[in-house]
Every structure is written in C-alpha cells, then in structure tokens.
Amino acid sequence: MDGSIPGGDTWTVAGRTFKSRLIVGTGKYRDYAQNAAAAEAAGAEIVTVALRRVNLSDPNQPMLVDYVKPDRFTFLPNTAGCFTGEDAVRTLRLAREAGGWNLVKLEVLSDTRHLLPDMEETLRALKLLIADGFQVMVYCSDDPVYAQKLEDAGAAAIMPAAAPIGSGRGIQNTLNLGLIIEQARVPVLVDAGVGTASDAVLAMELGCDAVLMNTAIAEAGDPILMASAMKHAVIAGREAFLAGRMARRTYADPSSPRAGLI
Amino acid sequence: MKLVLNGEDRTFPGLGTIADLVAHLELDARKVAVERNLEIVPRSAYQTTVIADRDRIEIVHFIGGG
C-alpha cells in the first residue's frame, strides 16, 4: 500500500522527505492490529503516538510498538494532554528517550471540552522545545497571525486545526487556511477536524502539504476502507492542486461545440 | 525500599539500579523510557543509575494517540 503521488512528488519537513502526504493517528482503534492495518491501508509513512505511564499491573498487555512498528513508520510523538510548556517539554524529553528522535508534534490544549490550542502557551512551549534541540510540528489555531509567530520562532511545520479534534466537521475557515498556506515557508498541514474524504481533498486542493487525521479513520464504520479512501483523497487533492483548477464562471459554457448543429 | 512509581507508593526488595527495577518489573527496556526525580535516565545509564529510597520514578511508553 503506497501513498505516494505519481510523478515523484514529495514533501520535506525538518530535513526528512516523505512520499505520502497523509499522517495518521494511532488512537481510538478497536485494537493495535486494526490500527496497524489502517496505517498500512492509508499508505502513511508517519504516525502520531502518545506517551503514557506503563501499566505496571499487567506488563504483558499489548504494546503499540509490537504492531505499529517504528522501523516501518516514522513515529511523531505528541504532547496530548499537556496544558503547559513545561508539561510538553517533560513529555517530549521522555519520548525522545523512548524513541530516539527529535521530530515531535506539539499540542498545548486549553479547554478540555473543545480541545482548541492555547496559542500563547503553545508559542512559549515551542521556544522551550527548540532550545532543547527538538524539531517541532505545531498544532495550532487557524489564525494566520499566530501561524506566522510560530514560523518565526522556528516551527518545523504549521498544523492548524480544521475543526475541533475528533469533531469530524471538516474545514471551518478555508479563507484563514488559505492565508496561512500562502504566507508559510514551512509545511502546512491540516491537523484535526477532518470527517470524511472530501475534507481531505479540500485541504490538499487549498495547497496544504499534508493532512493529519485520526478519528475520521478510527471511528469510520470500516476503518480500513476509510483509510484507503483517505489515501486516495489526499492523492486526488494534491494532483488537483498541482494540475491547477479551471476558472469559475457565472454562466454555463457548453462542452460540445455550437458550430455544425444540424 | 519505598518508591513512588508512576504516581503510586510501592515497596520493593532492595534494588540497586534502574536496570534492577526494570528487570524486576519484567519490562522490555527497549520499549520504555524512565525518569528519576524529574530527570531522564538514558537507557545507556540504567546499569549505573543508583536508586534511593523515596525516589520518584516514572516509566512510560508509546501508546496510540492522535
């Protein structure tokens, strides 16, 4: 299962080049086996992972790395559940030790109900992480002003939410997302809020470098089939962006010539 | 000895190092990361990092997340 776009199209973040423009999460699946199968069906090369305490009462319970293998996928550790910069730094230092890499996803959340990012604290955490040697892909609001501040502070990628995490509402502000894409000199990824394949197509048509999603696949009726749909959606959206869409017209323009009518 | 392990008070027979603790818990050292009193313990230092009574130890690993 290959998520690459025909023609050798690739994207690069923090000096690492990828063919697939679909990053998938590893949460909410029935089990790790289904999770691994979905990641394969998505053609993903990067998966996000969380860091939590080992369950010491049952050391034999299944472990993510036994199914979604670090030698097959680039792990992108997140800071889900962190509400301060210090929490994020502590979590990602442990992740770096567990995995041995420094490319990470920063998310500093605010309210647990909507899970939208606390941008002031996100920017502060980003600076702490960069000082600690991390390369940071940043989950953020769809505010072009803050997106620019993140980039200026050294973010490796800007990852605005399309809609609240797990909401499946699709892109709520295409205008802002377009502005962020236009100004950015680092990759822009839609992270969070994708609900179905058309949302991923739209993100890519707008010019996103990649899309990151979890719930849209994990909570689909058939997660493996939806993973495949998302792979095709991202490829289709990317190809449409590269091809350049036709101009919009107010009135119809017939596809069959008017000349030669009988 | 008493340790605060992953936020819980636990009592262990005398353990010398982080390596001893990881082995006692039957964990695969390649799949976890360890923090002792808020400082990362590199895997290469498990054998040489001595643990003391009342140490606060966190042992974490990767799980599914978005």
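Order of the sequence lines sets the chain letters (A, B, ...), proteins ahead of strands, with each chain counted from 1. We use all heavy atoms of the structure for the numbers below, so side chains are in, but hydrogens, waters and symmetry mates are not. All values reported here derive from a predicted model rather than from experimental measurement.
Heavy atoms of other residues, nucleotides or ligands lying less than 6.0 angstrom from CD of B:Glu26 number 12 at most. Crowding of A:Arg16 atom CZ: a count of heavy atoms from other residues, nucleotides or ligands under 6.0 Å exceeding 12. Surrounding CD of B:Gln47 are at most 12 heavy atoms belonging to other residues, nucleotides or ligands under 6.0 Å away.
Both the backbone and the side chain of A:Leu51 come within less than 4.5 Å of a heavy atom in chain B. Contacts between A:Val65 and chain B at a heavy-atom distance below 4.5 Å involve the side chain alone, from C-beta outward. Only the side chain of B:Leu27 comes within contact range of chain A, judged by heavy atoms closer than 4.5 Å. For a residue to count as touching a neighbouring chain, one of its non-hydrogen atoms must lie under 4.5 Å from one of that chain's; by this rule B:Ile40 touches chain A with the side chain only. If you measure heavy-atom distances from A:Asn60 to chain B, you find no contacts under 4.5 Å at all. Contact of A:Tyr32 with chain B is made through the side chain alone, with heavy-atom distances under 4.5 Å. Interface remark: A:Ala218 contributes no atoms to any contact with chain B (heavy atom separation under 4.5 Å).
Using modelled atom types and a 3.5 Å distance limit, the side chains of A:Asp143 and A:Ser141 yield no donor-acceptor pair.
Only one option out of A:Asn78, A:Thr48, A:Asp191 pairs with A:Lys105 in a side chain to side chain donor-acceptor pair (under 3.5 Å); it is A:Asp191. For the side-chain contact (heavy atoms from CB on, under 4.5 Å) criterion with A:Met230, the lone passing option out of A:Leu225, A:Val211, A:Ile217, A:Val24 is A:Ile217.
Salt bridge A:Lys69/A:Asp71: absent, no basic N to carboxylate O contact under 4.0 Å. Salt-bridge annotation for A:Asp132 and A:Arg96: present, with a side-chain N of the basic residue lying under 4.0 Å from a carboxylate O of the acidic one.
Shown here for A:Leu76 and A:Leu103, the closest heavy-atom pair between the two residues is CD1-O, 3.6 Å. Of all non-hydrogen atoms in A:Ser20 and A:Trp11, the two that sit nearest each other are O-NE1, 2.8 Å. Shortest non-hydrogen contact noted between A:Asn35 and A:Thr26 is ND2-O, 2.7 Å.
The salt bridge (Lys or Arg N to Asp or Glu O under 4.0 Å) check on A:Glu45 picks up nothing, with sequence neighbours excluded. Listed by chain and number, the residues in a side-chain contact (heavy atoms from CB on, under 4.5 Å) with A:Asp111 are A:Arg113, A:His114 (sequence neighbours excluded).
The stretch residues 8-19 of chain B places B:Arg10 near chain A, each with some heavy atom under 4.5 Å from a heavy atom of that chain. Proximity to chain A at a heavy-atom threshold of 4.5 Å picks out B:Lys31, B:Val32, B:Ala33, B:Val34, B:Glu35, B:Leu38 from residues 31-38 of chain B, in numerical order.
Per-residue counts of heavy-atom pairs under 4.5 Å with chain B were compared for A:Val49, A:Leu64, A:Leu94; the largest is that of A:Leu94. The candidate from A:Arg90, A:Glu97, A:Arg53 with the greatest count of non-hydrogen atom pairs under 4.5 Å with chain B is A:Arg53. Of the listed residues (A:Leu56, A:Asn214, A:Ile165, A:Ile23), the one with the most heavy-atom contacts under 4.5 Å to chain B is A:Leu56. The residue among A:Leu212, A:Asp66, A:Thr91 with the most heavy atom pairs within less than 4.5 Å of chain B is A:Asp66.
Contact of the B:Glu39 side chain with the B:Val41 side chain is not registered, since no non-hydrogen atoms from C-beta on lie closer than 4.5 Å.
In this pair, A:Phe75 and A:Trp101 present their aromatic rings perpendicular. The plane angle is above 60°, beyond the 30 to 60° band.
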